[in-house]
Amino acid sequence: MERYLIVYRGSTVDETEGPQHDPQRWAAWFDSLGAALVERGGLAHSSVEVPSRLRGPKLNSASLSGYSVISAADFNEAVQLAEACPIFDEKGSVEIARIVGPLA
């Protein structure tokens, strides 16, 4: 089994119109992952992007809204596990990356 980082983008956690963040749906999804959930991670709010050292921060159009770590046999299984994520109902998306090892 390999580890995969799921990055959540564009959640509507603080928007007054449109789909709202539902902690109960997230808890149910995390529970449904069972042993595949390595690290629940956390949700984030108000992210900025720093494209280079010299340019400084800027608002990010694909706002980072959280992360989790799962284990899966391959990318296909990781995608399959992520497909039921509640972020899609909050007009968000996910990015999935295979974790290859610790940083030195």
Side-chain angles (χ1 to χ4, degrees):
M1 296 297 269
E2 297 179 304
R3 294 178 302 145
Y4 291 87
L5 175 68
I6 300 177
V7 175
Y8 310 113
R9 297 194 178 276
S11 176
T12 58
V13 172
D14 280 355
E15 290 185 13
T16 57
E17 296 180 17
Q20 296 295 307
H21 175 69
D22 183 352
Q24 291 177 342
R25 289 194 67 200
W26 281 85
W29 178 64
F30 286 133
D31 289 345
S32 76
L33 293 173
L37 184 62
V38 174
E39 181 182 339
R40 188 173 179 148
L43 297 178
H45 182 333
S46 302
S47 68
V48 295
E49 179 182 1
V50 182
S52 75
R53 290 182 185 152
L54 301 177
R55 296 181 70 197
K58 68 176 185 173
L59 291 178
N60 189 344
S61 61
S63 180
L64 172 68
S65 53
Y67 77 97
S68 295
V69 177
I70 61 170
S71 65
D74 55 26
F75 264 114
N76 289 331
E77 184 179 1
V79 168
Q80 184 179 20
L81 291 169
E83 284 179 332
C85 179
I87 194 76
F88 298 113
D89 298 324
E90 297 174 8
K91 295 184 180 177
S93 64
V94 299
E95 184 174 342
I96 302 171
R98 186 170 60 91
I99 299 172
V100 295
L103 293 174

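Quick note: residue numbers are just sequence positions, from 1. Please read all numbers here as calculations on a predicted model, not as lab measurements.
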If you measure from [atom1] on [X] to [atom2] on [Y], what distance do you get to the nearest 0.5 Å?
X     : Y     : atom1 : atom2 : answer
Gln24 : Asp31 : CD    : CG    : 11.5 Å
Ser65 : Arg9  : OG    : CZ    : 8.5 Å
Asp89 : Trp26 : CG    : CH2   : 10.0 Å
Ile6  : Ile87 : CD1   : CD1   : 11.0 Å
Ser68 : Ile96 : OG    : CD1   : 11.0 Å

| task | Could you check if a side-chain atom of Val94 sits within less than 4.5 angstrom of a side-chain atom of Phe88, using non-hydrogen atoms only? | result | yes
| said: Using a 3.5 Å distance criterion without hydrogens, assess whether the side chain of Ser71 forms a donor-acceptor pair with backbone atoms of Glu2. | reply: no
Distance-only check: which donor-acceptor pairs under 3.5 Å involve side-chain atoms of residues 74-85, not counting sequence neighbours?
from, atom 1, to, atom 2, distance (Å)
Asp74, OD1, Asn76, N, 3.2
Asp74, OD1, Glu77, N, 2.9
Glu77, OE1, Ala73, N, 2.7

Heavy-atom pair of closest approach, residues [X] and [Y]:
X     : Y     : value
Tyr67 : Glu39 : OH-OE2, 2.8 Å
Pro86 : Arg25 : CG-O, 3.7 Å
Arg3  : Val69 : CB-CG1, 4.2 Å

| query | Same cluster or not: are Val38 and Met1 linked, directly or through other Ile, Leu, Val, Met, Phe, Trp or Tyr residues, by side-chain heavy atoms under 4.5 angstrom apart? | reply |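 The answer is no; the residues belong to distinct hydrophobic clusters.
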